[in-house]
Amino acid sequence: MTESSRNTCPDTVKLVNENQCHMCMPLGGVIAFKGVEDTMVLVHGSQGCSTYMRLTNVEHYHEPVDVASSSLNEKQTIYGGEKNLKKALDNVIRVYEPKVIGVLTTCLTETMGEDLNRIIASWRTETGNDHTDIIPVSTPSYDKSHTEGFWTTTREIIAYYAKSGVLPHARVNVIIPHISTADIRAIQQMLELWGVAYTMLPDYSMTLDRPFAGKYLKIPEGGTSPTEIAEMGGAPLTIQFGCTCDESISPGAYLRDTFGVPLVNLPLPVGIENTDRFMQALEEHTGRPVPDRLRYERGWLIDAMADSHKYNASARPVIYGEPELVYAYTCACMENGAVPSVIATGTPHSHIGPMLKERLTDAIEMPVILEGADFSMIEKAALDTGSTIAIGHSGGRQLAEKHGIPIVRAGFPIHDRVGGQRILSVGYAGSLAFLDRFTNTILEKKYASYRTLRREELLSKIAAVPCEGYITD
Ligand code: SF4
């Protein structure tokens, strides 16, 4: 990489994607719908699309994850998929009896120009069903990533339910990006410590990570209730962890612009500064000071930062994945002295580029920033810049396998390890857990090789000493 091409966001339009760093748009929609109570998801497209989405979720969450399909084949591709979609709606209602059905389009049905609203209206007339909530979402995966599918679907869910004229109430809207279920629970616990009533959307902490119950449920318990979503327009405040999300698909911006709900759009609370901003927002909202428990957790985090900074300063991390997570981990690395060498996301449309440039003004060396990147670009940039450690999901495992760059696993999907859903990174306690994982990975690498390196160093020193200097008669 030449000096002139470094430190800039390259043209992200590639004709061929080699080992992509993002996933498909309706997959993000599936996860968002899994965060709504009593919901079944129906993917309008070929069987392969829904199989891929099921499999990716099952491998990460290690739970049964049902995703229905309208099973289009060559014939419907030519003549239209209306009949299949209507039959799929009948089947989903017969088998799952859901209160809500989320219908997502795919590359195929988007290219065919399937009109979901018309087909659903026609199905309602034919069946007389007016009690099942059916939420169609357009998710053309050839244009956008699963991150954008997640935000778009969350926004459409709110747009479907939220009504004007709702009586004002005290529950704060909390809108989250696609984070681990452990992180969802940690945010909920922080809100509870503050004594703040909230409506969190989408809440898939139970539907995708259920306690063992000994029996399979077609639709697992949990998720945000449609009744609460309908009242989001009457909330006093929306806190959204979506700084990188574009306004056009931002759920918080929709609530602000449609119902006048004030929006505080924050980065994900990973690292001390980002978590402080979340605490400050709650302090301003409640008028109360930070609860003692969270103050102690902040203190423990600062203590850990002091302990580990001498190791972190030597690290040059390559950070990749979804924009919101990548931005948050970058902030956490910077405040711990680990200046990133490469920061990359597979998502082509987000605000991460300008945000990073602003955040990295005090970096000793500007990292390479890649948007709309695939792993061939990330791998090359990591090698060119001498990255020593990686933070990201399992898609980047070749960095470790081929180049010995160890990965601190974070984000989605984690399919080559167990416990991806249990990775905790938010809040002071979560940031401390992340910091320990990060520092220990550096130390593990160091102790796995330092004896060999030391021996090689000594041997080369001995070899450099002229032998005759030591020989005496
Ligand atoms: S064809 Fe499109 S919608 Fe289907 S799995 Fe592939 S990227 Fe996703």
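We count ligands from 1, going down the list as the structure has it; atoms in each ligand are counted the same way.
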Once you measure the plane-to-plane angle for Tyr61 and Phe412, does it fall in the parallel (<30°), tilted (30-60°) or perpendicular (>60°) bin?
tilted
Test your reading of the model: is there a side-chain donor-acceptor pair from Lys163 to the backbone of Tyr161, 3.5 Å cut-off?
yes
List the closest protein heavy-atom neighbour of atom 8 (Fe) of ligand 1: residue, atom name, distance to the nearest 0.1 Å.
Cys24 SG, 2.6 Å
Return the residue, atom name and 0.1 Å-rounded distance of the protein heavy atom closest to atom 5 (S) of ligand 1.
Tyr52 CD2, 3.6 Å
Could you tell me which atoms of ligand 1, counted from 1 in the order shown, lie closer than 4.0 angstrom to a heavy atom of Cys107?
1 (S), 2 (Fe), 3 (S), 7 (S)
Write down the atom of Ser394, the atom of Asp416, and the distance for their closest heavy-atom approach.
OG-OD1, 2.5 Å
Kindly confirm whether atom 4 (Fe) of ligand 1 is within less than 2.8 Å of some N/O/S atom in Cys49?
yes
For Pro26, take its heavy atoms, then give the atoms of ligand 1 lying under 4.0 Å from any of them.
3 (S)
On a heavy-atom basis, which atom in Ile176 and which in Phe150 lie closest, and how many Å separate them?
O-CE2, 3.2 Å
Do the side chain of Glu324 and the main chain of Cys243 share a donor and acceptor less than 3.5 angstrom apart?
yes
The atoms of ligand 1 lying under 4.0 Å from a heavy atom of Thr106, numbered in the order shown, are 3 (S)
